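Below is one structure, written out as structure tokens; the observations come after it.
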Amino acid sequence: MNDMRLVERDVSNRQAKIEARGVQVHYGEKHALKDVDVAILDRTVTAFIGPSGCGKSTFLRCLNRMNDTVASAKVAGRITLDGQDIYDPRIDPVQLRAKVGMVFQKPNPFPKSIYENVAYGPKIHGLARSKAELDEIVETSLKKAALWNEVKDRLAAPGTGLSGGQQQRLCIARAVATAPEVLLMDEPCSALDPIATAQVEELIDELRSQFSVVIVTHSMQQAARVSQKTAFFHLGSLVEYGETGQIFTTPQDPRTEAYITGRIG
Amino acid sequence: MTDVTAGAPERARGGSLLEGSARTKRRRAREWRMKAYGIGAIVLSLATLFVMLATILMDGVSAFRQATITFPVTVDAVIVDKAGNRNPEEMAKVTTIGYKRLLSQAFVAHLAAEGIDTAGVPEKDLGDMLSDDGPARLRDRVLADPSLVGQVVEVSVYATGRIDGYLKGRVTRATAERDTNVTPEQLDLADNLVAAGILTMPFNWGFLTGPDASDLRPEASGLGVAIIGSLYMMVLVAIFTVPVGVAASIYLEEFAPKNRLTDLIEVNISNLAAVPSIVFGILGLAIFINFMGLPQSSSLVGALVISLMTLPTIIIATRAAIRAVPPSIREAALGIGASKMQLVFHHVLPLAMPGIMTGTILGLASALGETAPLLLIGMVAFVTNYPAGPFEGGVMDPATALPVQVYSWASRSDPAFIERSSGAIIVLLVFLVIMNVAAILLRRRFERRW
Amino acid sequence: MSVFLILTVLGVLALAGFVLARQRAMALAGGDARRLHSRPNYYGWHGSIMAAVPAMLFLAVWQIVQPMVIESRLSGMFPPEMVQDDSARTLLFADVRRIAAGLESAIASGAMSADEASALDAGAVRDRLAATGVALGADVQPETLAAAQEYRGLATVGGLWRTVLVLALAVAGLAYAIKLTGPEFRARNRVEGVVLALLMLASTIAILTTVGIVLSMLSESIRFFGMYPIQDFFFGLTWSPAFQGNSQLGLLPLLWGTLYITLISMLVAVPVGLFAAIYLAEFADARVRAVVKPLIEVIAGIPTVVFGLFALVTVGPLVRDWIAMPTGLGNSGSSVVTAGIVIGILNIPFISSLSDDIITAVPQSLRDGSLGLGATKAETVTQVVLPAALPGIVGAVLMATSRAIGETMIVTMGAGAAAQLNLNPFEAMTTITVKIVSQLTGDTEFNSPETLVAFALGISLFVITLCLNVFALWIVRKYREQYE
């Protein structure tokens with residue numbers, strides 16, 4: 001595997017999909033995220049890297065307001081999706097999350113059939129008017145997640161019966177099925193073996209043609225392999241944000257360099 | 001929500017998030033409904049709890065006051081001591097009927113002396129306003145102290161249940177019309193007596209200390225025997241269950257090998273905890289009374305039955321407390337060469353003690369309210385004699401228990417007993433609250449965070 | 001010597017054992033505890049155990065065996081037709097024991113001399129004993145009195161031997177312990193072995209209880225089925241016990257009442273308990289939860305007799321006056337609905353706290369997955385959390401059902417006593433538990449089918465609830481394993 005497959009670095013012509021300005025997060029007394037400014041581009045893979053507890057997952061969860069479910073979390077600052085403030089009180093997070101999908105660290109298929117897992121999102125959002133349409137959505141999503149060929153004969157089997165890598169791809173298919181514009185992935189490969197990881201990484205690269213993908217990872221190699229832009233977080237601050245190639249080869253900040261070369265984290 | 005282009009979940013991009021779609025509004029409404037059902041369910045449960053407790057409190061609190069008539073009585077030697085030698089043994093031949101006549105006469109005379117209008121109440125009805133409990137008490141008092149004969153003594157006699165009920169609002173003139181035990185005129189007289197200070201409503205110590213009384217004398221019935229019975233049982237239950245429960249828990253948590261026998265024990269314990277309590281009553285009747293020949297209605301049998309019932313609960317709580325002692329303590333003790341037994345008795349048990357105590361108190365609290373099995377072993381019997389002291393074989397004497405007394409009063413026909421029954425519940429709940437508060441305080445005081 | 005006195009002496013011997021063995025150990029070690037194998041107290045404990053435990057075990061065995069031996073020797077004194085039938089035999093020996101005990105207490109209280117008691121004739125026994133406060137049911141047969149006299153004699157001899165043997169055993173044990181004591185003796189291991197055996201013994205009490213329940217109910221039920229045909233009990237449609245005989249004791253009307261009341265109680269408890277649990281687990285914030293959850297659990301801590309009174313005094317009249325009478329469906333204060341509602345209330349905290357535990361055990365990752373797709377909390381609950389928790393909730397509901405079936409006080413006070421197969425829930429009906437109580441309270445002789453039927457009812461109840469519980473526990477365990 002080519003560890004430093006630095007593909008298509010030039011994404012500067014893409015427009016910003018999500019813009020964050022001065023984002024602060026407090027968990028109770030703890031100041032978890034300090035003043036983060038970042039612009040996430042459309043149809044680009046953006047990687048958040050940094051040592052554990054640096055705030056990268058916290059920031060990711062701000063982007064689709066998953067932090068709302070944590071009672072003690074307080075978010076300040078401004079985050080916009082296509083220019084609209086997603087923390088505007090008129091915005092229903094339910095609709096926001098349909099546009100900004102999420103894939104989690106540990107594969108978490110629902111205890112339902114494979115078909116029902118994928119159809120769940122379209123059903124609750126009313127994306128299909130008929131059974132045929134729903135079948136279509138399920139098939140397309142599974143194809144996009146590169147899982148169709150493996151499961152097409154057993155769509156009624158429980159999703160929990162799949163292997164770890166398959167489960168994670170099922171979760172990706174599930175997220176893709178609601179037709180999101182942005183896909184957030186919180187360390188999607190940390191619970192997978194190397195072969196499954198490679199499959200998922202390949203998938204992420206393909207998804208880039210349709211979605212803006214944000215991936216949190218603790219593996220620098222993974223960030224280098226899949227992303228075009230990289231943000232380095234440390235102790236709750238965004239230290240450096242730029243082209244992946246530039247971050248990994250010529251970091252501007254000494255802390256980034258220290259992390260890249262393995263002296264911190 | 002934008003339309004889906006056929007075949008693909010590709011949506012038209014854009015579309016403001018600020019406009020909540022109709023579908024989202026419907027979905028949010030469903031969510032509100034679910035929340036409302038939840039809140040409704042909680043409010044309903046708590047409201048029922050509140051109504052239940054309030055009803056019982058309202059019905060029962062009056063049991064702690066008792067209409068009492070106070071007047072002077074001349075203990076006439078002609079009636080109570082015919083031989084005139086003040087010998088209690090001979091005086092005991094005079095039954096309560098004689099004393100009843102004495103009391104009636106004295107009451108009538110006192111009313112006349114006080115100038116209270118007794119129009120419409122025949123002399124016999126006047127005497128009938130006094131509880132039949134009064135003569136018995138006066139007799140006991142005189143027999144205990146023969147020097148009272150010939151003296152004028154001040155007596156406080158309970159008014160009958162109907163007069164008592166009238167002062168508490170249970171009996172009205174309308175019900176008195178239809179009642180053979182009381183007349184409206186007696187009620188009028190009762191009002192006059194209250195005004196004259198002869199009829200008062202003092203705190204009813206007799207309710208807490210007195211023995212049960214028959215159907216005809218609700219005013220004299222008390223919880224004394226039931227409280228002693230419950231007390232004996234709780235002490236015995238604690239004596240039986242704590243050592244056995246702790247020993248069983250230690251064995252199962254610390255020593256038991258994983259084999260068929262221990263599996264069987266585990267399954268047995270969890271199933272016993274769910275066996276209907278009445279089944280334990282049948283067990284007690286068959287084994288302790290019929291087979292072993294222990295006396296019926298005794299607190300000892302009650303305690304044995306309740307112990308078997310409570311043991312699973314106590315074992316489960318104790319095991320949880322033992323399990324909460326962290327492995328680091330065990331390793332430390334074993335590491336300096338303590339034997340397994342020393343580890344358990346020197347370290348694990350003392351550390352688990354607060355948890356064990358809390359679990360035990362809570363187990364005892366639920367045992368205190370247990371009724372059904374006690375009915376089968378005869379504790380519902382009508383017991384008017386106090387059991388003997390604990391060291392004089394009192395645990396073998398017939399007794400009742402608080403919850404059983406609640407039941408047996410509730411099943412009597414006179415509505416006055418509903419008040420008594422509710423009053424008994426108040427006493428029972430006070431004990432339960434004390435035990436639960438003790439458990440909570442114990443937990444707070446000794447709670448350890450490892 | 002009475003048992004109590006023997007136990008006291010054993011206690012003293014045990015104490016002596018402790019002191020003597022400990023002293024001897026210290027003396028043999030020359031006063032230096034370090035030269036002993038075990039700490040000195042272990043030698044003491046060993047002495048105590050050796051003095052008391054074997055003697056006590058012997059005493060316990062003796063207490064059980066002596067009456068059996070005496071009875072078997074006495075049955076020869078009666079004509080065979082008197083002791084053939086089991087129940088007649090039990091009654092007969094009860095009489096024998098009562099007379100013997102009565103004579104003893106008469107002697108003890110000084111109402112009779114020992115010679116007088118031995119010379120008493122059968123006709124006078126009843127009056128003489130009544131004078132000393134021992135009431136006998138019927139006139140005494142000469143055989144019975146002779147047996148009672150013999151019983152007294154044997155019991156006296158037995159008591160003497162008991163005292164001698166138990167004390168001898170205790171002293172022997174003590175002496176043996178002291179002989180064993182020495183610096184090399186592994187007292188700690190011995191003591192710990194005995195303690196372990198005691199701990200093990202304590203843990204088997206659960207099994208003994210179950211065995212006791214099954215045996216006691218089974219043996220009486222078998223006697224019952226000897227008097228009453230088994231198929232008439234299990235399939236009989238009528239319940240009408242009559243104490244002059246010819247009772248019809250069919251289980252079905254009682255079973256119907258039980259199940260009907262249980263059904264109504266579940267209709268109350270399941271929705272209310274489940275919605276309360278869902279709200280507390282998924283929607284309520286921590287402060288509300290911390291207050292409300294214990295408050296609901298207060299319901300579970302209230303004795304059932306309180307609920308019974310509530311049914312009798314409040315719910316029953318309410319249902320009768322506001323629903324049953326206006327609709328003309330019934331005029332009884334006690335009814336299936338009354339008992340059902342109140343048992344339902346009792347079971348709310350049970351269902352809500354079990355379901356709460358089970359819902360909380362559903363992994364947070366599933367909730368995140370659903371919310372991350374843009375599902376509302378309600379959708380997450382109904383479509384992800386509840387299906388995942390379903391087996392556990394079914395288990396909880398089954399356990400609550402079993403509790404409702406076995407509930408006694410509420411139905412005794414709120415359901416009525418009329419056994420009938422009826423669909424109208426506003427009629428009074430009765431349950432298995434109510435009939436167990438009514439057949440076994442009051443003065444009962446254990447030889448009529450009307451009394452013994454209670455044991456058959458009891459074992460039916462036991463089997464039904466046991467099956468439900470085992471099944472429920474199995475489901476819950478399967479469910480727990482799924483998420484561990």
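The sequence lines fix the lettering, A, B, ..., with proteins before strands; numbering per chain opens at 1. Because the structure is predicted, anything quoted here is derived from the model rather than measured.
Note that A:R174 lies outside the cation-pi zone of A:Y120, set by a 6.0 Å cut-off to the ring centre and a 45° limit from the axis. Geometric assessment of A:R65 against the ring of A:Y87 yields a positive cation-pi assignment under the 6.0 Å and 45° thresholds.
Here the side chains of A:V214 and A:L60 are in contact, with some heavy-atom distance below 4.5 Å. Put simply, the side chain of C:V434 does not reach to within 4.5 Å of the side chain of C:T408, judged on heavy atoms. Looking at heavy atoms from C-beta onward, C:E282 lies in side-chain contact with C:R367 at the 4.5 angstrom threshold.
With a threshold of 4.5 angstrom between heavy atoms, A:V100 approaches chain C through N, CA, C or O but not through any side-chain atom. Contacts between A:K112 and chain C at a heavy-atom distance below 4.5 Å involve the side chain alone, from C-beta outward. Of the two parts of A:P107, neither the backbone nor the side chain holds a non-hydrogen atom closer than 4.5 Å to a non-hydrogen atom of chain C. Contact of C:D285 with chain A is not made at all, since no heavy-atom distance falls under 4.5 Å. With a 4.5 angstrom heavy-atom cutoff, A:F110 touches chain C via backbone and side-chain atoms both.
Highest contact tally toward chain A, considering only C:V384, C:T376, C:L373, is held by C:L373 [criterion: heavy-atom pairs under 4.5 Å]. For the set A:E116, A:R97, A:M102, the count of heavy-atom pairs under 4.5 angstrom toward chain C peaks at A:R97. Top candidate by heavy-atom pairs under 4.5 Å with chain A, chosen from C:S370, C:G374, C:G369, is C:G374.
When only modelled atom types and interatomic distance are considered, A:T217 and A:E187 share no side-chain donor-acceptor pair under 3.5 Å.
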